Amino acid sequence: MGVKKISDLFKGTPIELDQLRQKKLAVDALNIIYQFLASIRGYDGGLLSDSEGYVTSHLTGLLYRNARLLEKGIQLAYVFDGAPSKLKREEIKRRSEVKRKAREELDDALERGDMERARTVAQRTSVVTSSMIDDSKKLLKHMGIPVIEAPTEGEAQAAYLVQKKKVWAVASQDYDSLLFGSSTLIRNLTLSGRRKLPKSNRYTTINVEVFHQHELLQALELTKEQLVDMSILIGTDFNPDGVKGVGPKTAYKFIKKHGTLEDVISNEESVVLDIDIEAIREIFLKHEINDNYTIDFKPIDIEGVTEFLCEERGFNKDRVVNTLTKARKGQDSALKQKSLDAFFG
DNA sequence: CCCGTAAA
DNA sequence: TTTACGGGG
């Protein structure tokens, strides 16, 4: 998922969660929903769902994560993907093939009674449906959290919101937003400060880190265009394989040596790229954006949330009200700060 | 993801 | 007090 390996070339700066207080961040909604579907599961590895069969894993995740962030005065704006580009559709096809295989393996594991295997494989079968997207938007709106529609890529629209100073940064695990032109990226935005390592029961502590695009470009002495070209060599969502045997270090070396992707291809025999380079460049550098949006952080509508989650989706009311009441305290102080800022200009 | 509880 | 784990829906 996305460009991930730039950390081998440039390290982010650790940042305390407190430094994000009163800040607005944009996130790629589908990415986050997908992560929740993969991680929030019952004991048997199945998704959480209500009595009617509506999946609730993602709603659980969105509720608690946003509540905790709002409590800290951190506001997320959720950007939903529009129609995928032609190139992205191929990647989506590839991913659905991975999921199909994972489902087969899941059936197999269940038949053998290998629950541990079933649970890990089940995570890879996650599919975001339109019903899940509708429910997510409904919950977010009741929580007073902005929902923004992107014409195509969510990360691209999110980056645009940073450019327009509507939000301070994009929060994401991959680096795509920097290619899309976001000046600031927050990685590892987690409240727990730790993350489970795959295929084991161990945890590592992780730091929230901040990347500034201009610092990255300065440190690597690259232009924005070269950063994109380098990423295409490594592999992006639009050419996931990149170039065989070329990782971040080699890609960087090649771009520094030759300047452009075309010159890398004509001078390095090992580099073969059977893709429409210009089309990928355009996605990152000249993408469509939606200027018709509003970013409006409103107070949490506790009644609205409970009506939806508890009446319609079977959530425990005490738990929901408790969570939201705590969140509102942090939110109140954030809104108070905002009005003070407005008053003093 | 978060919470509550049990165990260390 | 910290960590592990099951349950949540």
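Since the model is a prediction, treat every value here as computed from it, not as a measurement. So you know, we letter chains A, B, ... as the sequences are listed, proteins then strands, and number each from 1.
Looking at residues 121-137 of chain A, you'll see that no heavy atom sits under 4.0 Å from any atom of DNA chain C. Of the residues in residues 45-62 of chain A, those lying under 4.0 Å from DNA chain B by heavy-atom distance are A/Thr60.
In this structure, A/Arg119 atom CZ and C/dG7 atom C1' are separated by 12 Å, rounded to whole Å. Spacing between atom CG of A/Leu309 and atom P of B/dC2 amounts to 16 Å, rounded to whole angstrom units. The CD atom of A/Glu71 sits 11 Å away from the P atom of B/dC2 (whole-angstrom rounding). Counting to the nearest Å, the C1' atom of C/dG8 and the CG atom of A/Leu37 are 15 Å from each other. Rounded to an integer number of Å, the gap from A/Arg319 CZ to B/dG4 C1' is 8 Å. Rounded to a whole Å, the CG atom of A/Leu324 is 15 Å from the C1' atom of B/dC3. Atom P of nucleotide C/dG9 and atom CZ of A/Arg313 are separated by 14 Å, given to the nearest angstrom. Rounded to an integer number of Å, the gap from A/Leu63 CG to C/dG9 C1' is 12 Å.
Residue-environment remark: CD (A/Glu116) stays at or below the threshold of 12 foreign heavy atoms within 6.0 Å.
Within the nucleic acid shown, A/Arg68 comes within 4.0 Å of sugar-phosphate atoms alone, with no base atom in reach, counting heavy atoms only.
Screening A/Thr60, A/Leu48, A/Leu37 against A/Val55 for a side-chain contact (heavy atoms from CB on, under 4.5 Å) leaves a single residue, A/Leu37. Applying the salt bridge (Lys or Arg N to Asp or Glu O under 4.0 Å) test between A/Glu97 and each of A/Arg100, A/Arg95, A/Lys99, A/Lys93 identifies A/Arg100 as the sole match. Residue A/Tyr160 forms a side-chain contact (heavy atoms from CB on, under 4.5 Å) with just one option from A/Ile148, A/Asn290, A/Ile289, A/Val167, and that option is A/Ile289.
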Worked verdict on A/Val79 versus A/Asp28 for side chain to side chain contact (heavy atoms under 4.5 Å, CB included)
CA-CA 5 Å; A/Val79 184; A/Asp28 181 345; 6.0 Å; no
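Ion pair A/Arg94/A/Glu90 not flagged as a salt bridge, since none of the NZ, NE, NH1 or NH2 atoms sits closer than 4.0 Å to an Asp/Glu carboxylate oxygen.
For the pair A/Leu87 and A/Asp237, the minimum side-chain heavy-atom distance is 4.5 Å or more. Residues A/Lys257 and A/Asn267 form no side-chain contact, since every pair of their non-hydrogen atoms from C-beta on lies 4.5 Å or further apart.
For the pair A/Lys326 and B/dC3, the criterion of a side-chain N or O lying under 4.0 Å from OP1 or OP2 is met.
Residues A/Glu268 and A/His258 have side chains that bring a donor and an acceptor to within less than 3.5 angstrom of each other.
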